[in-house]
Amino acid sequence: MGGRESTLVLLDKNGIRCDGRKIDEPRKIMIKAGVLKNADGSAYIEFGDNKIIAGVFGPRDVHPKHLSNTDTGILRCRYHMSPFSVTERKNPAPSRREIEISKVIKEALLPSLMLEKFPRTVVDVFIEVLQADGGSRCAAIDAASVALADAGIPMRDMVCACAAGKVADTIVLDVNNEEDQAGQADMPVGYMPNLNKVTLLQLDGVLTRDEYKKCIDTAIGGCKLVYQIQKKALTDKFFENGGNQ
Amino acid sequence: MGGRESTLVLLDKNGIRCDGRKIDEPRKIMIKAGVLKNADGSAYIEFGDNKIIAGVFGPRDVHPKHLSNTDTGILRCRYHMSPFSVTERKNPAPSRREIEISKVIKEALLPSLMLEKFPRTVVDVFIEVLQADGGSRCAAIDAASVALADAGIPMRDMVCACAAGKVADTIVLDVNNEEDQAGQADMPVGYMPNLNKVTLLQLDGVLTRDEYKKCIDTAIGGCKLVYQIQKKALTDKFFENGGNQ
Amino acid sequence: MGGRESTLVLLDKNGIRCDGRKIDEPRKIMIKAGVLKNADGSAYIEFGDNKIIAGVFGPRDVHPKHLSNTDTGILRCRYHMSPFSVTERKNPAPSRREIEISKVIKEALLPSLMLEKFPRTVVDVFIEVLQADGGSRCAAIDAASVALADAGIPMRDMVCACAAGKVADTIVLDVNNEEDQAGQADMPVGYMPNLNKVTLLQLDGVLTRDEYKKCIDTAIGGCKLVYQIQKKALTDKFFENGGNQ
Amino acid sequence: MTSSVLDQLKRKEIVDLLDQGKRIDGRAFDQSRPLSIETGVISKANGSARVRLGDTEIVTGIKIQPDKPFPDLGDKGIFICTAEILPLAHPDAEPGPPGEDVIELARVVDRGIRESGMIDMSKLVLEKDKSVIGIFADNSVVDHDGNLFDACSYATTAAILSCKIPKWEIKNAVPVLVEDHESSPPITTIPVSITMGRIGEHILVDPNAEEWECIDARITITTNSDGNICALQKGGKNGFTVDQLSKCADIAISAATKIRERLKQTKG
Amino acid sequence: MTSSVLDQLKRKEIVDLLDQGKRIDGRAFDQSRPLSIETGVISKANGSARVRLGDTEIVTGIKIQPDKPFPDLGDKGIFICTAEILPLAHPDAEPGPPGEDVIELARVVDRGIRESGMIDMSKLVLEKDKSVIGIFADNSVVDHDGNLFDACSYATTAAILSCKIPKWEIKNAVPVLVEDHESSPPITTIPVSITMGRIGEHILVDPNAEEWECIDARITITTNSDGNICALQKGGKNGFTVDQLSKCADIAISAATKIRERLKQTKG
Amino acid sequence: MTSSVLDQLKRKEIVDLLDQGKRIDGRAFDQSRPLSIETGVISKANGSARVRLGDTEIVTGIKIQPDKPFPDLGDKGIFICTAEILPLAHPDAEPGPPGEDVIELARVVDRGIRESGMIDMSKLVLEKDKSVIGIFADNSVVDHDGNLFDACSYATTAAILSCKIPKWEIKNAVPVLVEDHESSPPITTIPVSITMGRIGEHILVDPNAEEWECIDARITITTNSDGNICALQKGGKNGFTVDQLSKCADIAISAATKIRERLKQTKG
C-alpha cells in the first residue's frame, strides 16, 4: 500500500489492467456446492488463483458447554491456509492474520443466519485456503455462504463478497495480488443483496471521502455478480446432482 | 551478586549511598488506593522507579470448578510485567521468574486473609508492573495488600514488604537496582506488623549468620515505614475520596 | 539406514558383531520389579545401555471425564526421555517421535490387558528413559509389562519385545545403536508369548520377503528370552522382597 | 453468554433513551467521552502515554531497537503493535495468550498507524536489507469501559508522537548505539480512529461498555491529517446500509478534527 | 468414546457379511477403493496432488527451499512430511495442534518415503554441511472416509513425482535462485503403502471408515519398486499371528503393483 | 483440594506426636532422612547422580556444551537448572509443562548453586562475549515423598561435583572439541540447602510427604562451606516470627555440616 515502487503498468491508456481486465471486471469465478462427503454442507471456489474449500457442521452441541448460549445458536469460524497455499511455505499454526480474518468472516456471515432458531447449538464454518491469491477473504465468504445454504441452515439472505480498490488513481473492481502490492487501496466488502446490508468492510490504503463512497458502490456491484454465481452453484447441486448423491 | 566489578561508589565515607540516601532510608514511596473502576479493589504504587498497579476481584466463583476448595476460599496471584517495563523489551508471555514471584507473593499475602470465611470461592490478585526497578516484588506486595483491603476482603493484618541488603560490607535498607547489581546481598522481606510474622523471605547473595539477623531486622524496620504509607492510602481513599466515588 | 558409510566392521568372518555378540545373542538385560514407592506398579530395566523406569497408576478415575468409556477401561501411555538421556541434551517437551512411540507402545500393551473389567477407568503407564540406546521402545515395553503385572492389573499375557535387524546382509537379533546407524534394517517386535501374537511391529530399512519372515522369527526368539527375564523379575519381587515391602 | 433479564432491561433503557435523542451518560450522539492524555509516564520506555477515554484507561509504551527488516521490505523500518487486556481491567478478562478480540484490537490499531503512513518507515533504515530500526508499541489495557479501539489508538499515537529515537551506527556489520543523539520520529500525518456503534438506526460515537453491549454493528474509521480515510474495520453481529456507511464517514471525519488537535499537543 | 447400540449393529452387519466372504461396499478383500490422482493442482507449490481413495480425499503440496542440513547429515538434503486432518474433513476432527493419530500418520507416510530411499537425498546438497535443499510435503486431509495412511502416502508420492526442483547456486555463502532451471527430482524407486485391517480372521485391504471402526488390528506395509519391504507399522487394539503377518506381506506386495503403475503415470 | 476426614486424623496424629517431642517416623526434629548418593549413573551425561532422601528419589544429569553467554555477562559461563516431577513419581503428578511448584523448585535449586558461587563461572569462558561453556543440570524426580528442594539440591550438587568438563578450542570463531582433555569443574564451595517445616511451634528438618501436608510454613536455607547463608526461600500458607527465623538459621548451619561431608566424598 501507499505507493511501493514498481515497473508494472497497472492500468494502460485503454483502461486495461495488468491482467487484461477492465476496471469493472472481476477475475474468473467458479463455485461448486456439495463437494464433501462428511460435512453437512460444503462448497469449493476458484476466484482468480484462489482455491478455497468451505465445510459446515451443525447446528450441533457445543463443546465446551460453557460457550453455549441459551438464547441463540452461536457461529464459529476458522479461516486457515494450507502450508503450500502461498509462495513461502506457511507455518501450519494459525497466524494473527488468520485469527483476525476468521473473526471478520464470522461477523460478515452472522447477519445472514437465523441462529436464534437453534439455542444452545453451534454452527461451525471451516474454511481452508488451498491456494491463496488477492481477495482470499472475500472468496472465502462466498464459498462459506454457499456451504451454509448447502447445509440447510435457515438464512435471511446470502452473503456475497468482493473487493474494490484504488489502482493508478482509479477505482477498480476486485483487486488482484499485484494490484494489492503496488496499488493505493484495497477494500473488501461483504454484502447481503436482498437485505441490502454491508456485513464486511475493511480497508488498507488511503481514499478520499468520495473515493470511499465510489469504492463501496463498485464493490457492491461485484458482490451482485458473485451472487448470481452462488445461486447457480446451489441450483446445479440441487437440480443436477441432487438426485444421485 | 557476589562482587561484580564496578566503578560505582556504593557507599561514601559519610555513609551516603549512590542515590543520596542514608543506609536506613527507603526510596520515595507513594501509594494510592481505589484507582480502577472495574476491579473490586485496587491500588497504585510508586516505589523508587517502580510503577505498579494491583487489582483484586472476589471472592467469586472458581473456574475451572475442580480448583475450588469446599473448606476455604483460595487465593490466586499473577505478577506480570508489561513489555515496556524494563530496559530491553520483555516478551509478554510470563517468564519463569514471573511465575515464581507470583507464587511467593501469593504465599506472602495468604496469611493475612480470612479466606476460610468464603469456601468454594477465589480471590484473584492481579499485579501489573508498568515500570520495574529494584525491589519490585516488595512494592507489588505493598500495593496488593492495599488493594485487598480496598476490596473489603476480611484481613487479619496488612502485609508490608521492603528489602534490606548488603552493600559495601554494610547492611542497608531498600536496595536499589544499582546496589542489587553491584552489591553483595539482597533480601526481600514481607511482614505482618501487628501479628509480627515474616511472610516473605528470600535472599540472593551471601550473608554471615549475624548479618542475616541484622538484615531481617533492618528490612522489618522498612516494612513498618511502608505500613504507615499503606494506612494513609486507605484513609485517603475512604475519607477524602470515599464519598464521591 | 540404507547404507550410511562407516569403517566399522559390523560382522567379522567368525560371525561376531561389533560389540562382541553372536548374531542371535541379545545385549545384557536386567529387570527389577517394584522399584517405586508411590506408583501402583513399577519396573526398572537395563537393556544394553538403555536405563528405563516404568510406573503404573490405576485403574483410577479419568480426568477429564469425557475421555472415559462406559464399556471398558482405557489405557494411556507416555514414553518420555530425560534431557540427559542422549548425547545432545534433549528438549524436555515431548517430540513427535516420543508421541508416536507412546502410541505404538500403548497399542502393543493393550491386547494383554483385561481393561473391560474396569469400565470408566484409566490405567496410566508412564515410561521414563533415563539413558537411551538402540532398541529403547522394546526395552520400554518390557519394563512396562512388568510394571503392569506388578500393579496387579489383570492380564491375558505378558508383552515382551525385542528387535531384529539386517546387518552386513545378515539377520541378527537385537540391533544396537551402531548397528542401527550403519546397518540395513531394524525391526522392533512386541510379542505375547502364550497367546502367540505380535502386538508391535515396525521397520526402518529394506528387507526382502524372505528376510521379513526371518526377521520376525528371530525377533520372536529374542522376545522369548526376554520373557524369562520378566518372569524372574516378578518372582524375585514377590518371593524375595515381597514380605518386607 | 446468556443475556440476563437485567441486561435486557438495561438494553431497553438505553434504546428508549436513544429514541428520545439521549445517550445514557448524557453525551451527544457524535461526542466522544472526555479524553485525557499524559505522555512520558514510563521513563524506561522510548515513548509512552497514559490515556483515559471516559473510564477506559490504557498505558502504552514504545520500545525502539535495531532489528532485521521483513523479507522484501529491506528499505523500511519495522512497526509492531500489540495489546493486552490486563486481567485487572475487567472481571471477565483472563490472563493468557490473546484471544480473537485482542488480536483484532491490536491489528486495527496497527493498521491505522501503518496504512496512514504516520511514520515514514523509509527513514528508519540502518543498512538496507540488513538492519533497520524496529518500533514496538505495546498497549496495556488497565481499565476496560468499552471502545478499546479508539483508546488504544490514541494511546499508541500519543506514545509515538512523544517518543525519542536513539541513534545507531553500523560498525563491523553490527548496529552500535550512539549515546545522547536521540531524534524525534519522522511523522508525516496524524491518524485518528473514530469508532461508532449502530443501535437500531442510531449511530453513536465512542460507545461506552454499557452501550457496547447493545450494539448491532460497529465500525472504526481512521482518517489522516488530510481528512482522507486510511483504515476501516466493520464488526458486530449485524451490518450497515450504504447510507449509514456514508453517514459514519462524515461523522468520523468531523469528530477526528478535535482529537487530532489534542494529539498534536503531545508532539515534541 | 462409548460404542452405541447402533455401532454394535453396524459391526455385526459387517462381520456377518465378511463371514460370507463379502465386504460392505462389495469389494474383494484384497481390493483397494477406486483411486483418482490429479497432479499440478496447486500452481504455487513446487509439486502437488489431489488424491481420492474412495471418499477419502487429500490435497498435498510440496514446497522446496534451501535449508540447513541436519547435524551429522551434512551430505543429505532434508525431507519433512506433515499432515493435518482439516476440521472440515470429519465431524470429529478438531482444529489445533496435531494429536497422536495425526503425528503417527505423518511419520508413517514420512518413513515410507524416507526408508525406501525414494528420493536420492545425496543429490540435494548445495554446499556440504552448510546448505542443502529441503523438501516439505504437507498433507491436508479434506474428506476423511478411513485409511488416511494409504491416501496420504499416495498423495505425497504423486506430489513428489510431479514436482520440479528449482536450481540454487551458492554465492557468497548464500544460496541464490537460478531462474528457469528446474529439474525433476532424483527418484530411485516408488514406494507403495498398503494398509490392511484384521477383523477376526479376515484381512481387508484399504478399510473404509465403517470397516475401520471394527478393526481388531491394522498393519501398513510399504514396498519399493523391487517388491521389497521398506516400512512397517502395526496399530490397533489387538495383534497378529506370524501367519497373518506372512499373509499380509504377500497381499501388500501383490496389491502394490497396480497402484505403483498408476503412480508411475504421474511422473514427468 | 479438600482435606478429607482421613487427612485431618493424620494431621492430628502428627501434631499430637510432635507435642510429645516425636516425629511420625521416629526422627529427631533436626534430623534429615537417610541420604544415599550414587554418581556416574548416566554414562551419556557429563555428570550424574541418583539421590535418595528417605523415599524421595531424584536422578540428575549434567550436560555440558558450548553456548552463547547471556547479554552483559560475556565473561561468565552459563548455568541452567531445570526440574520435572515425572508422572510416575506421584499419583497427582501430571505430564506437561512445569507448574508453579516445579518452577519454584528449579529456581530455588538454581539459586543455591548460583548465589553460593559454587562454580567459578569466569573459568568457563571460551571467547569473551562470544562463546562460553554452558552447564545444564536437569533433575528428574522419580519418586516423590516430600522435600524435593533438598533432594534435588543434593542431586544437582553431587552431579556437578562428579562431572567432567570437556575441552573446546575456538577455531575460525567456532568451538571445536578437543578429545580426551576433560577436567574437573572449577569448584569454590559446596552449598547445602536445609529445608525446614514449621508445624505450630515445632521446626522440623526435611519433612517427609505426610509432614509436608501439615506444614504451616516452610523455609529453605542454603549455606556455603564457610557456614554463611547464601540463599533463602520462605514458602507455605503462613509465616515465621523473627525468633523462629533465627532458630532455623542455627539449625540449617548445623545440619548442613554432615551433609556437606557426604557431598565432598563424591568429588573427584
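Just so it is clear: chains get the letters A, B, ... in the order the sequence lines come, proteins before strands, and each one is counted from 1. Predicted model, so just to flag it, every value in this text is computed and none were measured.
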[atom1]-[atom2] distance between [X] and [Y], expressed to the nearest 0.5 angstrom:
| X | Y | atom1 | atom2 | answer |
| --- | --- | --- | --- | --- |
| B:Ile99 | F:Ile103 | CD1 | CD1 | 3.5 Å |
| B:Glu98 | F:Glu100 | CD | CD | 13.5 Å |
| F:Lys237 | B:Thr72 | NZ | OG1 | 10.0 Å |
| F:Ile229 | B:Arg209 | CD1 | CZ | 6.5 Å |
| B:Glu88 | F:Asp72 | CD | CG | 8.0 Å |
| F:Gln233 | B:Gln202 | CD | CD | 4.0 Å |

Check each atom of [X] against the heavy atoms of chain B and say whether the ones under 4.5 Å are side chain, backbone, both or neither.
| X | answer |
| --- | --- |
| F:Asp216 | neither |
| F:Ala231 | both |
| F:Asp226 | neither |

Considering non-hydrogen atoms only, spot the tightest contact between [X] and [Y] and give its length.
| X | Y | answer |
| --- | --- | --- |
| F:Arg218 | B:Lys103 | NH2-NZ, 3.3 Å |
| F:Asn228 | B:Leu207 | CB-O, 3.3 Å |
| F:Gly239 | B:Pro111 | N-CG, 4.3 Å |

Using the side chain to side chain contact (heavy atoms under 4.5 Å, CB included) rule, pick out the option among F:Leu232, F:Ile221, F:Thr222 that qualifies with B:Leu203.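 Looking at F:Leu232, F:Ile221, F:Thr222, the match for B:Leu203 under the side chain to side chain contact (heavy atoms under 4.5 Å, CB included) is F:Leu232.
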For each of B:Ile220, B:Val198, B:Leu110, tally heavy-atom pairs with chain F at distances under 4.5 Å, and name the one with the top tally. B:Val198
Considering residues, nucleotides and ligands other than B:Glu116, do more than 12 of their heavy atoms fall under 6.0 Å from its CD? yes
More than 12 heavy atoms from other groups under 6.0 Å of CZ on B:Arg120: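 For B:Arg120, atom CZ is not crowded (no more than 12 foreign heavy atoms under 6.0 Å).
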Could you look at B:Ile216 and say if it's the side chain, the backbone, both or neither that has a heavy atom under 4.5 Å from chain F?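 Looking at B:Ile216, just its side chain touches chain F.
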Between [X] (side chain) and [Y] (backbone), is there a donor-acceptor pair under 3.5 Å?
| X | Y | result |
| --- | --- | --- |
| F:Lys234 | B:Thr199 | yes |
| B:Tyr212 | F:Leu245 | yes |
| F:Glu115 | B:Gly205 | yes |
| B:Glu107 | F:Gly236 | yes |

Taking the side chain as every heavy atom from C-beta outward, state whether F:Ser246 and B:Lys213 have any pair of such atoms under 4.5 Å apart.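 They are in side-chain contact.
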Heavy-atom check, side chain of B:Glu100 versus side chain of F:Arg111, under 4.5 Å: yes
Salt bridge or not between B:Asp204 and F:Arg114? Use side-chain N to carboxylate O under 4.0 Å. no
Ranked by heavy-atom pairs below 4.5 Å to chain B, first place among F:Val108, F:Thr241, F:Asp250 goes to F:Asp250
If you apply the rule side-chain contact (heavy atoms from CB on, under 4.5 Å), what do you find for B:Val104 with F:Glu104, and how did you get there? CA-CA 9 Å; B:Val104 297; F:Glu104 184 189 25; 4.1 Å; yes
